[in-house]
Every structure is written in C-alpha cells, then in structure tokens.
Amino acid sequence: MFAVLLSVIVLFTPESGVPSSPPGTDKVVHTVLFALLAATALWARAGLRTVVVGLVAYAALSEVLQQVITPLHRSGDVVDALVDVVGVALGVFLFTRVGDAVRTRRRDRRTSR
C-alpha cells in the first residue's frame, strides 16, 4: 500500500511541488518507483501477468492524466512511460532473482541437516 501511495504522490504532485533536480533524475525516480511497485505486488502474491499488465496500464494512464489534468501543470511524456515499463521489468527481475536465491538457500539448509 505504501508503494501505491508513494506512486500517486510522485506522479500526481503539481509541477509547482516538484523539486528541481539534475537532468535525468526523474527517469531514475520513475524506474525505481515502478520497480518497487512490481516487486511489492509480487511479494503480495499478485500474479505475474496481473502485475505486468496492470503496471504497464498504470504507467500509460499516469502520463495521460498528467497531460490532461490542467491544475497539475505537468506534461505527459512517452519516455517516462517507457522508463516505467523498464522499472516494472527490473522489479520483476529482482524479485524473481532474490526469491530464487532465498528458496535455494532454504532448500540447501534443509538438505544439510
């Protein structure tokens, strides 16, 4: 739930509330945010297909909403949506790699007893 709330704050804060930062920082934030969303959704046992399809749709919708919600004074960016998808892939990859490592470690501990 925290990751979803964080994403709403990051993605829908009006432009006036977004701190200035070095170029490219927003792409890193998008990547990390969507990786966090993917990993936490998988940790909560949401299905892989549901997570990927849902987050790709959320990425696209968030950029459209940034463009059309006038009070935000933000602009939708296709590159941001693509970076979001990279973040989803990163989150899935990291979650599965960490999960595989944990399962292997548990199995090894059980067999060594």
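For the single chain, residues carry numbers from 1 onward in sequence order.
- Using a 4.5 Å heavy-atom threshold, the side chains of Pro14 and His73 count as separate.
- In the hydrophobic clustering of ILVMFWY residues, with side-chain heavy atoms under 4.5 Å counting as a link, Leu5 and Phe12 come out apart.
- Pairs engaging residues 26-59 under the ring-ring contact (aromatic ring centres under 6.0 Å, His included) rule: Phe34-Tyr58 [sequence neighbours left out].
- With rounding to the nearest 0.5 Å, the separation of OG1 in Thr31 from CG in Asp26 is 9.0 Å.
- When the side chains of ILVMFWY residues are joined at heavy-atom separations under 4.5 Å, either directly or via intervening members, Leu72 and Val29 end up in a single hydrophobic cluster.
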Given the rule in the side-chain contact (heavy atoms from CB on, under 4.5 Å) test, do Thr96 and Leu48 qualify, once you have shown the distances and angles that lead to the verdict?
CA-CA 10 Å; Thr96 56; Leu48 177 63; 5.9 Å; no
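- Between Gly91 and Ala39 the shortest heavy-atom distance is O-CB, 4.1 Å.
- Counting heavy atoms from C-beta outward, Leu37 and Val88 have side chains that stay 4.5 Å or more apart.
- The two residues Ser75 and Glu63 come nearest to each other via the heavy atoms O-OE1, 4.1 Å.
- Residues Val4 and Thr40 fail the side-chain proximity criterion, which asks for heavy atoms closer than 4.5 Å.
- Side-chain heavy atoms closer than 4.5 Å link hydrophobic residues (I, L, V, M, F, W, Y) into clusters, and following such links, possibly through other members, connects Leu61 to Leu55.
- A single hydrophobic cluster is not seen to contain both Val78 and Val64; linkage of ILVMFWY side chains at heavy-atom distances under 4.5 Å, directly or through other members, places them apart.
- Looking at every heavy atom in both residues, Val85 comes nearest to Val56 through CG2-CG2, 4.0 Å.
- The shortest non-hydrogen separation linking Ala46 to Val51 is CB-CG2, 3.6 Å.
- Closest heavy-atom contact between Gln66 and Leu11: NE2-O, 2.9 Å.
- Residues Ser62 and Asp84 approach most closely at OG-OD2, 4.3 Å, considering heavy atoms.
- Of the charged side-chain nitrogens involved, none lies within less than 4.0 Å of a carboxylate oxygen, so that Asp80 and Arg74 do not count as a salt-bridged pair.
- For the pair Val79 and Lys27, the minimum side-chain heavy-atom distance is below 4.5 Å.
- Qualifying ring pair (Phe, Tyr, Trp, His ring centres under 6.0 Å) partners for Phe95, counting only residues two or more places apart in sequence or in other chains: none.
- Taking hydrophobic clusters as Ile, Leu, Val, Met, Phe, Trp and Tyr residues chained together by side-chain heavy-atom distances below 4.5 Å, Val10 does not share a cluster with Val28.
- In this structure the side chain of Val83 never reaches within 4.5 angstrom of the side chain of Asp77, judged on heavy atoms.
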